[in-house]
Protein chains: 2
Amino acid sequence: MSERTNRRQQIINAASELFMTQGYTATSVRQIADAVGCTEAALYYHFKEGKRTLFNTVVEANLPNFMLPLQRCRDARSLSEIITCLESANREHRSDNQQRMRWLLAEFPTLGAEEQALIREKFQIFHRELAAMIRAVCDQAASAADDLAWLIICLMHGYQQLLSPLDLVSDGEETMFVRLARFVEILA
Amino acid sequence: MSERTNRRQQIINAASELFMTQGYTATSVRQIADAVGCTEAALYYHFKEGKRTLFNTVVEANLPNFMLPLQRCRDARSLSEIITCLESANREHRSDNQQRMRWLLAEFPTLGAEEQALIREKFQIFHRELAAMIRAVCDQAASAADDLAWLIICLMHGYQQLLSPLDLVSDGEETMFVRLARFVEILA
DNA sequence: GTCTATACAAAGATAGAC
DNA sequence: GTCTATCTTTGTATAGAC
């Protein structure tokens, strides 16, 4: 993959960056072409159906890999271990995933039905895996594990998309997650 | 306040609707003028500094009234009562607040420093009030109440902005909140 | 594949008449 | 206050040369 082997890929990368930071409508085809270092005409050669097609490609290329943090927790042996593990996995890709998710949810209403379904499915799979993992480490009823998994997902999302970007938690380290781990420890 | 007493207000209302559903860049001044039933020139008379100024006005007019759900919980006497109360208050203004919050967070990065600070402050006040309320009903250490308050805020946000709009929770009623109430009941 | 050149619509914004 | 008319810039998109 030399410097400019694949123009198409360069375009997708530049578009990803711009769409994510500025949003779809705020980003012009000119801007993308400039960022790549080519002309608009060249861009239209690679994406014959124009801006919207390029956007769809970018969406699929940027579906956050939800499973990544879960794989790290494979050998957790308690609920609190799962949580602290999720939190640390989360912290490492923080700015990346945070931006991707924010963008994804912001554009979600404008997406086509297939893309919306794709995203929904990703979350459902994540939830299913997490619930299974919870059942494995502490003997919960299936429905309780399901709820607990959604609870954790909501919590992480709220933290990642609300507290963290708005800089609402001042006490430096993510003590909140540590405390959650302690909470659920009691419950388990 | 007759039909067209206040053009300025009409403009703000129309702009609110359009900005929220389409976003800032996707909404044109023309579109707003059309919705109001006047010309662009008239609009520029009321907002001399143009689209961005109108937008700022709209942002301030649409800062969700965060305190509303809290006021409903004044006479809650336990942690679980607070939570179920918040949840029901939340459910009533659901679609409204959901859209407002989604929009606010999507546009947040583009806002000026003062507006960002304003939003941040609203959340901090909400948190402070909720934490105080928690301390009032169950004898928690101040720091534990603080964390618990953030936890509940994150959870509600995750539910409102992730699970609910993506239609990820299938079991009809908001059992998740009921279960959370039970969880925290044990903790208290 | 990439460029130059250009078409054409829509954007934000303003001057000046009423 | 509101309109008509107009300006300038920016947007998406394409034709045709290299």
Side-chain angles (χ1 to χ4, degrees), chain A residues 1-62 103 106-107 109-112 115, chain B residues 1-62 103 106-107 109-112 115:
Chain A
M1 294 194 220
S2 77
E3 275 287 314
R4 39 174 300 165
T5 305
N6 205 347
R7 253 289 134 91
R8 192 187 147 89
Q9 192 55 47
Q10 286 181 291
I11 293 170
I12 294 174
N13 294 152
S16 294
E17 170 95 25
L18 290 167
F19 282 146
M20 275 196 281
T21 53
Q22 307 179 327
Y24 177 73
T25 45
T27 303
S28 71
V29 176
R30 264 204 250 290
Q31 231 178 340
I32 297 167
D34 285 354
V36 173
C38 71
T39 60
E40 297 164 73
L43 195 151
Y44 276 95
Y45 170 79
H46 291 286
F47 296 89
K48 301 237 191 301
E49 283 156 285
K51 191 187 181 186
R52 195 74 215 181
T53 305
L54 171 55
F55 177 71
N56 291 340
T57 310
V58 167
V59 167
E60 290 183 28
N62 281 284
W103 170 72
E107 307 277 15
T110 78
L111 298 178
E115 282 157 332
Chain B
M1 296 193 220
S2 77
E3 275 287 314
R4 39 174 300 164
T5 305
N6 205 348
R7 254 288 135 91
R8 193 186 146 89
Q9 193 55 48
Q10 286 182 292
I11 293 170
I12 293 173
N13 293 152
S16 294
E17 169 95 26
L18 289 167
F19 282 146
M20 275 197 280
T21 53
Q22 306 180 329
Y24 177 73
T25 45
T27 302
S28 70
V29 175
R30 268 203 248 288
Q31 229 177 341
I32 297 167
D34 285 353
V36 173
C38 70
T39 62
E40 295 163 74
L43 195 150
Y44 276 96
Y45 169 80
H46 292 285
F47 295 89
K48 301 234 191 301
E49 283 156 285
K51 192 186 180 186
R52 195 74 216 181
T53 304
L54 171 55
F55 178 71
N56 291 340
T57 310
V58 167
V59 167
E60 289 182 28
N62 281 283
W103 170 71
E107 308 275 17
T110 77
L111 298 179
E115 282 156 333

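Every chain is numbered from 1 and lettered A, B, ... according to where its sequence line falls, protein lines coming before strand lines. Just the heavy atoms: all of them, side chains too, but no hydrogens, waters or symmetry mates, feed the values below.
Rounding to whole angstrom units, NE2 of residue His46(A) and P of dG1(C) are separated by 7 Å. With rounding to whole Å, Leu54(A) atom CG is found 13 Å from dT12(D) atom C1'.
With hydrogens and angles disregarded, a donor-acceptor distance shorter than 3.5 Å links the side chain of Glu115(B) to the backbone of Gly112(B). In this structure a side-chain-to-backbone donor-acceptor pair under 3.5 Å is missing from Trp103(B) to Gly23(B). A distance-only check finds no donor-acceptor pair linking the side chain of Thr25(B) to the backbone of Thr25(A) [under 3.5 Å]. Under a 3.5 Å cut-off, the side chain of Glu107(B) and the backbone N or O of Tyr24(B) do form a donor-acceptor pair.
Checking dC3(D), dT2(C), dT2(D) against the side-chain heavy atoms of Arg7(B) singles out dT2(D) as nearest.
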Can you check each nucleotide of nucleotides 10-16 of chain C against protein heavy atoms at under 4.0 Å and return B for base, S for sugar-phosphate only, - for none, in 5' to 3' order?
-BBBBB-
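Other residues, nucleotides and ligands contribute over 12 non-hydrogen atoms within 6.0 Å of the CD atom of Gln31(A).
Put simply, Tyr45(A) has no side-chain N or O that comes within less than 4.0 Å of OP1 or OP2 on dT2(C). Put simply, Thr39(A) has a side-chain N or O that comes within less than 4.0 Å of OP1 or OP2 on dC3(C).
Tested against Phe55(B), the residues Thr57(B), Val59(B), Thr53(B) include a single side-chain contact (heavy atoms from CB on, under 4.5 Å) partner, Val59(B).
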